[in-house]
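Throughout, protein chains are lettered first and strands after them, A, B, ... in sequence-line order, and every chain is numbered starting at 1.
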Amino acid sequence: MISREENDALTRTGPATLMGDLFRRYWLPALLASELEADGSPVRVKLLGESLICFKNTTNEIGLIDEFCAHRGVSLWFGRNEQGGLRCPYHGWKYDVSGQCVELPSEGAAGPMRARMKLKSYPCIELGGVVWTYMGPPQLKPEPPGVEWAHVAAERRFVSKRQQECNYLQAMEGGIDSSHVSFLHAAQLKRDPLFAGSKGNEYNLRDPMPEFDVVDFPGGLLIGARRNAEGGRFYWRITPWIMPAHTIIPPRAGHPLGAHVWVPIDDGNCWAWSINYHPQRPLSEKELDAMRCGKGIHVRYVPGTFIPLQNRRNDYLIDREAQKRGDTFSGVEGIAMQDASLQESMGAIQDRSREHLCPTDRGIVLARRKLMDAAKANREGKPIPALRAEEQRVRSCSIELPREQHFKEHARHGLFPAPDTDPVTV
Amino acid sequence: MISREENDALTRTGPATLMGDLFRRYWLPALLASELEADGSPVRVKLLGESLICFKNTTNEIGLIDEFCAHRGVSLWFGRNEQGGLRCPYHGWKYDVSGQCVELPSEGAAGPMRARMKLKSYPCIELGGVVWTYMGPPQLKPEPPGVEWAHVAAERRFVSKRQQECNYLQAMEGGIDSSHVSFLHAAQLKRDPLFAGSKGNEYNLRDPMPEFDVVDFPGGLLIGARRNAEGGRFYWRITPWIMPAHTIIPPRAGHPLGAHVWVPIDDGNCWAWSINYHPQRPLSEKELDAMRCGKGIHVRYVPGTFIPLQNRRNDYLIDREAQKRGDTFSGVEGIAMQDASLQESMGAIQDRSREHLCPTDRGIVLARRKLMDAAKANREGKPIPALRAEEQRVRSCSIELPREQHFKEHARHGLFPAPDTDPVTV
Amino acid sequence: MISREENDALTRTGPATLMGDLFRRYWLPALLASELEADGSPVRVKLLGESLICFKNTTNEIGLIDEFCAHRGVSLWFGRNEQGGLRCPYHGWKYDVSGQCVELPSEGAAGPMRARMKLKSYPCIELGGVVWTYMGPPQLKPEPPGVEWAHVAAERRFVSKRQQECNYLQAMEGGIDSSHVSFLHAAQLKRDPLFAGSKGNEYNLRDPMPEFDVVDFPGGLLIGARRNAEGGRFYWRITPWIMPAHTIIPPRAGHPLGAHVWVPIDDGNCWAWSINYHPQRPLSEKELDAMRCGKGIHVRYVPGTFIPLQNRRNDYLIDREAQKRGDTFSGVEGIAMQDASLQESMGAIQDRSREHLCPTDRGIVLARRKLMDAAKANREGKPIPALRAEEQRVRSCSIELPREQHFKEHARHGLFPAPDTDPVTV
């Protein structure tokens, strides 16, 4: 339980907010690289409450600029993406990827006004099938993201995004919280082609009382959930949380690793980025098919959008009979929408002054604290964690260990692996 | 005409409001009994601005509890209604019908937290095909409702509800106001199978200038509308209003009696409960068919909802030709939607600082005054009317009387009938 | 760029606002004459933020009165338009076209209340296929509108209206701004049957750097846009703006003249009235067909409404391929929706504190100034322009002139023509 003031501070990420300033210190996923093509249609992008337009110019440079033309405020979504820039269709003002006005036809080439017209713009890089942007002070721009999935070969990953109709924090807290797996996803784990067939599933289902152990690492937190395994050992699932908004899901047997990034659109909506990857092998056609069909952590969409087909307007197509039979625990089909439906049901922004956290929520408590501490440090000009790519290099793992061995030491090979090693997984 | 302040006071019923506190002293219809089944789907219920979940447990006890899980705020609408309680699908917390948490799996049976976790809950009773709830201070809970329709055998009544998209008060004032029958419903009365064929209809249509006489009774008001009848006599229609939100419609010839309860959902929406019943005989198949088809005071629905098929989004399917011809007076088909369409057209909450009441609105004026007086008395800890079942035992009637006989004395046998007597009706 | 305070002052037109008071000094188009018929259906009309009902009585008098019945606040949209007045369907109160209650059935003819019941009403006149209303102080009512199109024979004009989902000012500023034609409408001009084939189009397309010259005239402004023409001459397009909200589009060759009126519905919506007319000849069947099909400055509608078929909810049916090919400049089809789409994209009310105007926006700057000056003069009881019909008599024209001849003198015959003369057009 936190105060309303703390809740506000943690959940508001618009310009000049405490948490908004923190998020603006990191590279954030802005859109799928596949949404852009050279001189192709511009794309509306809303991030941290700012309305932006993204386009790729003739030479494949990416521009992420203010949505509205400097002249009379027309949305550049209607813009013509022409040779070297995006042209407002109203009076033909043209902008390059830096937001600089490069043509202002009514005054001609020699006019005095053009050079002064520059829209807000944010640098972008393409990495891991994603266009990332940095929305903070230019002099503080960090090195490109170091998360593992963004650096594997294209055939080893699958990246999707979906809009979630609630604040980023309650979505991310679901990603941090490993204890709900034994309930919400229990039935689905047995059937989903991207989860089924692992020993870990059995442990998850058998033991609904995990012990949580959360330890710091330079990029954030390692959240260990310990359950009873066979032979008197412990089964550990370790979910890294990388500041400010990455989570990595422990892999299951031979299945690909899973990862998420939770990016605020505005205070009542966020992007749930969902990534599967395998560091050592291409994803199989069967795996890719399942991902494209919305299995595992992915979803099917309302055509032409990134809004899930199951959404609040259709009660997520809840099936009470399936819930009754136990085919799904909540009646909602699919891992991703099981999470999203419940998180959206908390309201646009969860009222955390009414929650009652329990010991299994320790990861959530500590993540909030780290966010607040970092946000305050940032305001005071002090160093903040997870800016360097190296700090972001962590992998989730699931592992059986003797009771006396703590994951902190004995799962290091899985969490911070040597090059060219397979995921550590049960 | 009342002040904006009085209008606010009369129409706001959320927690801690003056009128909200008064409504919380009475049993209120919450949902149809048929919406629940043992271990069946939980149902969203919003009453007096509070979001609640209703479910029936394995042993047919009814729970009406806070919509949101105490843990992390997930809506229990997604809950699993399992053996003896409703389980949140996120982490498996389980609540009984009193809102008490009975399982908190992550801490196990011996944990310290479970016993402290108790959601807000309201007692429920099933009566007359309706689940009623009491949302006030436990020590002040009154005896169960005494309205006649709730106590007749099931085959003698038909109960429906529909959502009306305006404040409860303007809906209820329509139920109190007997003078609009000669206009709005005039054409319909002749055709509707649940109204047609009575002498009273003729009197209604012939005399658009009723004299109103309103007298107190222990449960509220008896609103008498007097019109000229044959043979130099008076035709009286007497509409009882039982505090805080019941109205009973005068019966017509052999047709069943009608009753309404107007229950605030929130300040801009209410439930219009509509009941037909006959105290002495089962409803006929023909009558039941008409009710199921939306005749009389009932409606047809948007499938899967309690929203009328005719609603503000389709202009109530108004038929200007039918209006022109006089088949309907307003162009809207059906008694219930004729009322609802006009009441919704006043706005979410009617601005009563702009109204101009006339003598036929005397019932409305007095009902407001009684509501305000009772609400203030309640705040001061003084007695309020209509808490006892006995006070609620009143029946509407329509009667022809000699000019010198007042309904107050001479319609008593119809209003407060001896056991096993038929309705008094013209 | 103007301050937020100035922007508010210019864009807010509700009761008692600065600009609202100015608009209330002029006759404004309220609805199409064809929307009314004697004793026909009443029509909802919202103007300057006021909710009104319009109806035509048995003797063809037009009433524009408060939407809500004086009695209990029911919308008179449900009213019965009967012999000599509009009757509220709730209790039968009846109003004449002046808003006077002429029947109050419950009190009978001799009652004391009826005479006192009078709804707000505004005088109406029918002119040019349009019902105009005057919403200001009765003693200040000006003579009927003098704009030319309202006075030509019916077969010489075509009038349509469409709802635009933004503030009137940004819509009107588009009508004043002649410089966007070379861009936004460039491709369309060549194809549209109501624009194609004129020499002026060629000049528009060839010269994207018009010089603007704006001069006062008694009714408002004459906004001249000068482009290079053949033979070393100048091509002038002169767009008159008549206070407070009329614009006239320069004609092209033999095509009819075009005109607009931009009328606030509320602060986030306006009516875009669109008129084609020829002062000297009937419109041809071919021209009328094109107008009815939404060519030129007209649109196609969502059936049963005045909302364009292309609207913000369907991204104006943007066609990126057509944009790429250059069939349309913005991807949106049609002159009217090319303008409306961009203007709506600025937001409900454009934030003019962020705009950057350039010399070609001189007409916009001066029109705002004249509106503000007049609004302030109005508040101080001083004279304001364009009240007299004579002041509104102006015609747009397009003309080639030798370089040394200014349009102010040398286009007078086109702008203020002698009777029975053709438009001056290139």
Side-chain angles (χ1 to χ4, degrees), chain A residues 1 7 166 169-170 173-174 177-188 207-212 225 227 312 314-316 318-326 328-332 337-339 341-347 349-362 364, chain B residues 35-44 46 50-51 53 55-56 58 65-83 86-95 99-101 103-120 303-305:
Chain A
M1 199 180 300
N7 201 27
C166 70
L169 185 61
Q170 66 215 61
E173 289 178 349
D177 158 23
S178 197
S179 68
H180 73 274
V181 176
S182 304
F183 296 92
L184 182 58
H185 305 312
Q188 197 87 42
D207 184 353
M209 293 173 55
E211 285 286 325
F212 271 70
R227 286 177 173 86
R312 62 193 315 155
N314 56 27
D315 275 338
Y316 309 92
I318 195 168
D319 179 343
R320 294 285 187 188
E321 290 307 310
Q323 183 188 35
K324 207 77 190 168
R325 284 193 307 269
T328 55
F329 199 72
S330 72
V332 172
M337 292 316 300
Q338 284 162 5
D339 285 323
S341 58
L342 298 190
Q343 290 156 8
E344 292 182 3
S345 85
M346 298 168 175
I349 301 180
Q350 185 198 349
D351 178 0
R352 291 178 178 77
S353 71
R354 297 186 60 198
E355 72 185 358
H356 295 88
L357 299 184
C358 57
T360 53
D361 297 313
R362 183 146 183 76
I364 290 172
Chain B
E35 292 178 74
L36 299 178
E37 57 179 316
D39 289 346
S41 305
V43 179
R44 293 182 185 105
K46 195 171 189 182
E50 300 184 35
S51 293
I53 287 290
F55 67 104
K56 188 179 264 190
T58 318
I65 63 176
D66 195 317
E67 179 179 347
F68 302 103
C69 180
H71 179 205
R72 305 262 319 278
V74 158
S75 171
L76 293 170
W77 182 79
F78 292 95
R80 298 179 65 79
N81 192 3
E82 299 175 349
Q83 180 64 39
L86 187 64
R87 187 186 295 282
C88 177
Y90 211 2
H91 302 84
W93 292 25
K94 187 172 173 179
Y95 301 92
Q100 177 63 53
C101 183
E103 282 184 39
L104 199 161
S106 70
E107 70 168 21
M113 193 169 175
R114 185 203 57 74
R116 292 200 322 271
M117 295 295 105
K118 188 173 187 315
L119 293 176
K120 176 175 73 179
T305 77

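- Note: A/Cys358 leads A/Gly331, A/Cys358, A/Pro208, A/Ser179 in heavy-atom pairs under 4.5 Å with chain B.
- In this structure, no portion of B/Pro112 lies under 4.5 Å from any heavy atom of chain A.
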Just do the ring-ring contact (aromatic ring centres under 6.0 Å, His included) check on B/Tyr90 and A/His180 with the steps written out, would you?
-> CA-CA 6 Å; B/Tyr90 211 2; A/His180 73 274; 5.1 Å; yes
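- Counting heavy-atom pairs under 4.5 Å between each of A/Glu355, A/Glu211, A/Arg320 and chain B puts A/Arg320 at the top.
- Heavy atoms closer than 4.5 Å to chain A are found nowhere in B/Cys69, neither backbone nor side chain.
- Residue B/Arg87 touches chain A through its side chain alone, counting heavy-atom pairs closer than 4.5 Å.
- Within the 4.5 angstrom heavy-atom criterion, only backbone atoms of A/Thr328 (N, CA, C, O) approach chain B.
- Side-chain contact between B/Trp77 and A/Ile318 is present, with heavy atoms from C-beta onward closer than 4.5 Å.
- Contact annotation for B/Arg114: neither backbone nor side-chain heavy atoms come within less than 4.5 Å of a heavy atom of chain A.
- To the nearest 0.5 angstrom, A/His356 atom NE2 is 13.5 Å from B/Arg72 atom CZ.
- Contacts between B/Phe78 and chain A at a heavy-atom distance below 4.5 Å involve backbone atoms as well as side-chain atoms.
- If you tally non-hydrogen atom pairs under 4.5 Å between each of A/Glu344, A/Met1, A/Arg352, A/Gln350 and chain B, the highest count goes to A/Gln350.
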